[in-house]
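Have a look at the structure below before the remarks.
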Protein chains: 2
Amino acid sequence: MARAGLTTERLTLEGAELADEVGFDNVTISAVARRFDVKVASLYSHLRNSQDLRTRIALLALAELADRGAAALAGRAGKDALVAFANVYRDYAREHPGRYAAAQLRLDPATAAASAGGRHAQMTRAILRGYDLSEPDQTHAVRLLGSVFHGFVSLELAGGFSHSAPDAEESWARSLDALDALLRSWPEPGPEQHVPDPG
Amino acid sequence: MARAGLTTERLTLEGAELADEVGFDNVTISAVARRFDVKVASLYSHLRNSQDLRTRIALLALAELADRGAAALAGRAGKDALVAFANVYRDYAREHPGRYAAAQLRLDPATAAASAGGRHAQMTRAILRGYDLSEPDQTHAVRLLGSVFHGFVSLELAGGFSHSAPDAEESWARSLDALDALLRSWPEPGPEQHVPDPG
DNA sequence: CCTCTTGCCTAAAGCATTTAGGAAGATGCA
DNA sequence: TGCATCTTCCTAAATGCTTTAGGCAAGAGG
């Protein structure tokens, strides 16, 4: 019986392809086994279980995304860097929706620490060097930027902007304009606001 | 054999509870049937299939969220309205993580149109009446606000901010300060930016 | 009381997950 | 080359979720 040459890496990569084609939620051990024309149980020599597969796809996506981010930031600063980096997220999500969904998988702390997640935060911080923010404000800005990138991209991917004019493209450009302006004049803390009771 | 009094509504509600307890992905027909101490097949008189159940939970969550948003906006304007509305999202997501995850479910266009999604967009637009934005800019701002709310909340829920100081609470407040400032001086479109080729 | 609708049941088939243990191909060493 | 060993992939089987088909009985209406 000819060997298929399974490795954890090849399985992960194929799982990522599958995620992009049929959605991350539909990535199963069985589906990957079918793509290699191999019995399901064979995969368990390389993967602990199906959660293990999903986690590996998530780590792959985070690493790919970080690599692209680093490439985009090279030689850029200020708004140029901001826009280039933001587009990396958006383009990646559009090219690889399954992988992007995988990157949102909740990882346990140990796994998260070993992931490329830290590189993302570092790169966002690097963008902020082009602006004049105090140390604690940088952290807030990092989080706001992350929120906008992730939020916009996932709402767009979920079809949230697809049924109304103007098109998402323009809103994206204008949102980045707005973020750039915001970072150039980052406001002082406002007065305390009343927070309504949930209920 | 005593009847359990199953209805689509009760099943949906119980499914939502279950989602909050064990995660939206773990809501299954079987699990809900167990909660009612009823055989699995019995649920198929009330639900078309498990996707139907998930969709109904999503619609429930969107409606609840819209109701809370409307309550929060009543009698408020400007930054006060912005903060109150934003906190509705964040509080709801923290109180009901499973429901919040459900609200992110991708709905087919017909279902989405019949959902409370439109109310959300309307309310966000209402907030912008407290600021001075041209018509097309309002749409961009609606999308940016939606992105920040959703993005921040889901990153926080995914534990993205939990392993570094300062705490998420403060970043949230400062992000809302920043959005308020941004809306008060919404920038003109910037110059064209180079968009790097994905690859 | 009888009938009919409805609500919940049993039964069964299909598919995904996971473990246990076996056989054949690749590898290393004499 | 021949043998031992390890790795890779296999069969088999248990478990659980999904979904459909068909049946019986509880409760409503006449």
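Per chain, numbering begins at 1; letters A, B, ... match sequence-line order. Just so it is clear, the model here is predicted, and its values are computed rather than measured.
Side chains of A/Arg54 and A/Ser50: a donor-acceptor N/O pair is present below 3.5 angstrom, by distance only. B/Thr12 and B/Arg56 are not linked by any side-chain donor-acceptor pair at a separation below 3.5 angstrom, with hydrogens and angles left out of the test.
Taking the six-membered ring where tryptophan is involved, the planes of B/Trp172 and B/Phe152 are tilted, since the angle between them lies from 30° to 60°.
For the segment residues 28-39 of chain B, residues with any heavy atom less than 4.0 angstrom from an atom of DNA chain D are, sorted by number, B/Thr28, B/Ile29, B/Ser30, B/Arg34. Of the residues in residues 5-14 of chain A, those lying under 4.0 Å from DNA chain D by heavy-atom distance are A/Gly5, A/Leu6. Looking at residues 42-56 of chain B, you'll see B/Tyr44, B/Asn49, B/Ser50 sit with a heavy atom under 4.0 Å from some atom of DNA chain D.
Residues B/His96 and B/Tyr92 place their aromatic rings such that the two centres sit under 6.0 Å apart.
Between B/Ile57 and B/Ala102, the shortest heavy-atom distance links the atoms CG2-CB, 3.7 Å. Shown here for B/Leu6 and B/Leu43, the closest heavy-atom pair between the two residues is CD1-CD1, 4.1 Å.
Under the rule for a side-chain hydrogen bond (donor to acceptor under 3.5 Å, both in side chains), the partners of B/Thr111 that lie at least two apart in sequence or sit in another chain are B/Asp108. Shown here are the salt bridge (charged side-chain N to carboxylate O under 4.0 Å, His left out) partners of B/Arg129, two or more places apart in sequence or in another chain: there are none.
A/Leu105 places a side-chain heavy atom less than 4.5 Å from the side chain of A/Phe24.
Not a single donor-acceptor pair under 3.5 Å links the side chain of A/Arg90 to the backbone N or O of A/Ala86.
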Nucleotide pairing, DNA chain D (Watson-Crick or G-U, distances under 3.5 Å), in dot-bracket with [ ] and | | ||||||||||||||||||||||||||||||

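More than 12 heavy-atom neighbours from other residues, nucleotides or ligands sit within 6.0 angstrom of CG on A/Asp167.
A/Glu14 CD to A/Phe36 CZ: the interatomic distance, rounded to the nearest 0.5 Å, is 4.5 Å.
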